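Computed from a predicted model, the values in this text were never measured in an experiment.
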Amino acid sequence: MMMNKLKISLLTVVTLVAAASCAQNKQANGYVISGKIKGVNSGMVKLMRHNDSDRTSKAVDSAVLKNGVFELKGRTDNPEVMSLQFSPGNWGMRLFVENSKIAVDIDTAGAEHYDYTAYGMEKGASLKKFKVSGSKVNDEYEQYENDPEQLKFKAAYATLNKMKGMDHEVLRAKSDSISKFYKAWQLKYINDFVAKNPASAAGIYMFSNYYMFESSMPIFAVEAMLAKFQADAKGSVYYTNLVGDIEKRKTVLPGKQAPDFTLLKRDSTSFSLSSTKGKYVMIDFWASWCKPCREAIPHWKEVYQKYKDKGFEIVSVSNDSRWKDWFKAMDQEQMPWLQVCDAFPIKNMPAKVSTLYQIPSLPCYVLLDKNGKILVHTIEEKDIDSKLAEVFR
């Protein structure tokens, strides 16, 4: 009789464990975001997914706000950063969404308001006071964002931004110094994190954000980093986008045929790059608002004067979206070579030719040989100088 009772007890335990396991698996197949927001009593909340490749957003779920409380349910293939958007007021915040029970507690106090209506965009407010729990990936990313060293660098930048009246060159030198140490710290943190958590989507997101501001990072270094990721990290949209970006960069490496393009000159007539074949051509990517670009112009005038009669041409491609700014800069600088302005065919997206040539930052220079093949793709003047000296020796 005792044995039978024991068998029944064991069967009960096994059944309960199996039931709990089924419940957990069911939860793992989707997410539930339960939240409350102080400051918006009624209205709507939308869960927005962002597409960095075309800078668009779309709602993947929505719910009614009642007494500031809401609940969203759905499923995501991989952990992903999405945003909660509340109306009225267009309040927004970002968080990692993964298939788990996620709780969000928000306060609208202290939100950072913005108004971009003058640029054809919206106005709203970025929420600053919120707590997210239940998402392991979100916790991992928040730990990175709130690391004492991270906060120290952010404070240093904030202090620098408040300095008024300081000489521009001194300010720039201080900024460059902070940036150098900050980037080194970021990369070390990310490498250490990925070594311990290669499958975490937080790691690939950290690296993706780092690369956004360091897109001139050598291709081999980016590929070496990507090789470290596994599972969810490797299946994420951030990994896919980086792989795609590297493939695009490979199409404009030295030795590749330079992509042809057609842009408008100041008088609105068309110019095609292919018309310069037979000459060594430097494509100068610049903009009126880019101080380093304009500081480099006297140097390029000397270079142009030195080589123009030997079969050398410069084509400056301006990144100005407002032609009046471009006109004013050209009148001031009096550059004696070909001038065209890049096109912005898609709203809120980078310029067409700059994207085609994978320009990481301004200024940037691409040197072509007489057959239109790329010799140099660089952000450094000295790289162009040394190659020209070699070509025209």
Side-chain angles (χ1 to χ4, degrees), residues 23-142 145 200-202 204-205 208-209 232 235-241 346-349:
Q24 287 177 349
N25 288 339
K26 186 177 180 181
Q27 183 57 51
N29 287 329
Y31 59 79
V32 178
I33 304 174
S34 303
K36 57 182 178 178
I37 179 169
K38 184 179 179 181
V40 185
N41 194 49
S42 61
M44 292 289 296
V45 56
K46 293 179 181 179
L47 182 64
M48 308 292 293
R49 173 177 280 124
H50 307 280
N51 186 340
D52 289 334
S53 63
D54 63 7
R55 299 188 182 182
T56 60
S57 299
K58 69 175 182 178
V60 296
D61 197 6
S62 63
V64 175
L65 269 174
K66 188 174 181 181
N67 297 321
V69 176
F70 64 93
E71 184 176 89
L72 295 158
K73 293 182 179 180
R75 188 181 185 287
T76 181
D77 293 333
N78 290 94
E80 185 177 344
V81 174
M82 300 187 197
S83 67
L84 293 173
Q85 191 177 77
F86 301 89
S87 58
N90 195 27
W91 311 85
M93 58 159 284
R94 289 195 168 196
L95 75 161
F96 254 107
V97 176
E98 61 180 304
N99 294 319
S100 64
K101 289 182 178 179
I102 301 171
V104 187
D105 193 353
I106 309 162
D107 191 340
T108 57
E112 188 177 285
H113 293 265
Y114 59 85
D115 185 351
Y116 299 138
T117 53
Y119 304 96
M121 293 184 281
E122 59 189 11
K123 65 178 179 179
S126 298
L127 294 160
K128 299 300 179 184
K129 292 184 178 180
F130 55 84
K131 182 179 179 181
V132 178
S133 56
S135 168
K136 181 175 182 291
V137 184
N138 197 82
D139 290 344
E140 290 170 337
Y141 186 69
E142 285 297 313
E145 282 291 293
S200 174
I204 186 64
Y205 184 65
S208 177
N209 285 344
D232 280 354
S236 76
V237 64
Y238 314 111
Y239 182 94
T240 302
N241 287 347
I346 303 175
K347 187 178 180 180
N348 300 327
M349 287 294 289

List the atom of Val137, the atom of Ser200, and the distance in Å for their closest heavy-atom pair. CG1-OG, 4.4 Å
Distance-minimising heavy-atom pair for Asn99 and Tyr31: OD1-N, 3.7 Å
Does any part of the side chain of Ile102, heavy atoms only, come nearer than 4.5 Å to the side chain of Val32, both counted from C-beta? no
The reported gap from CG in Asp77 to CG in Asp232 (rounded to nearest 0.5 angstrom) is 10.0 Å
Arg75 side chain to Asn29 main-chain N or O, any donor-acceptor pair under 3.5 Å? yes
Measure the spacing between CG of Asp105 and OG of Ser133 and express it to the nearest 0.5 Å. 8.5 Å
Least distance between heavy atoms, Met93 atom then Phe130 atom: CE-CD1, 3.7 Å
Rounding to 0.5 Å, atoms CD1 (Ile106) and CG (Leu84) come to a distance of 5.5 Å
Please name all residues satisfying salt bridge (charged side-chain N to carboxylate O under 4.0 Å, His left out) with Lys73, sequence neighbours left out, ordered by chain then number. Glu71
What one should report as the nearest heavy-atom pair of Val132 and Leu95 is CG1-CD1, 4.1 Å
Please tabulate, for side-chain N and O atoms in residues 43-50, each donor-acceptor pair with protein atoms closer than 3.5 Å (sequence neighbours left out).
residue : atom : partner : partner atom : Å
Arg49   : NE   : Glu80   : OE1          : 3.2
Arg49   : NE   : Glu80   : OE2          : 3.2
His50   : ND1  : Ser57   : OG           : 2.7
His50   : NE2  : Ser83   : OG           : 3.0

Within the side chain of Thr76, is there an N or O that forms a donor-acceptor pair under 3.5 Å with the backbone of Asn78? yes
Give, for atom CD of Glu145 and atom CG of Asn209, the distance between the pair rounded to the nearest 0.5 Å. 8.0 Å
Review item, side-chain donor-acceptor pairs of residues 109-116, under 3.5 Å, at least two apart:
residue : atom : partner : partner atom : Å
Asp115  : OD1  : Thr117  : N            : 3.0
Asp115  : OD1  : Thr117  : OG1          : 2.6

Identify the heavy atoms of Ser135 and Phe96 that sit nearest to each other, and give their distance. OG-O, 3.5 Å
I need the Lys131 NZ to Asp107 CG distance, nearest 0.5 Å. 14.0 Å
Taken to the nearest 0.5 Å, the spacing of Thr56 OG1 from Lys347 NZ works out to 12.5 Å
Full working for side chain to side chain contact (heavy atoms under 4.5 Å, CB included) between Arg94 and Met82: CA-CA 6 Å; Arg94 289 195 168 196; Met82 300 187 197; over 6 Å; no
Are any side-chain N or O atoms of Ser42 and backbone N or O atoms of Lys66, one a donor and one an acceptor, separated by less than 3.5 Å? no
Side-chain donor/acceptor of Ser34 to backbone N/O of Ala103, under 3.5 Å: no
Where do Leu65 and Asn41 land on the side chain to side chain contact (heavy atoms under 4.5 Å, CB included) test, with the steps shown first? CA-CA 7 Å; Leu65 269 174; Asn41 194 49; over 6 Å; no
Return yes if some donor-acceptor pair links the side-chain N/O of Ser236 with the main-chain N/O of Tyr239 below 3.5 Å, else return no. yes
With side chain to side chain contact (heavy atoms under 4.5 Å, CB included) as the criterion, how do Phe86 and Leu127 come out once you've worked through the C-alpha distance, each side chain's angles and the decisive distance to 0.1 Å? CA-CA 10 Å; Phe86 301 89; Leu127 294 160; 4.1 Å; yes
Tyr141 versus Val81: any side-chain heavy-atom pair under 4.5 Å? no
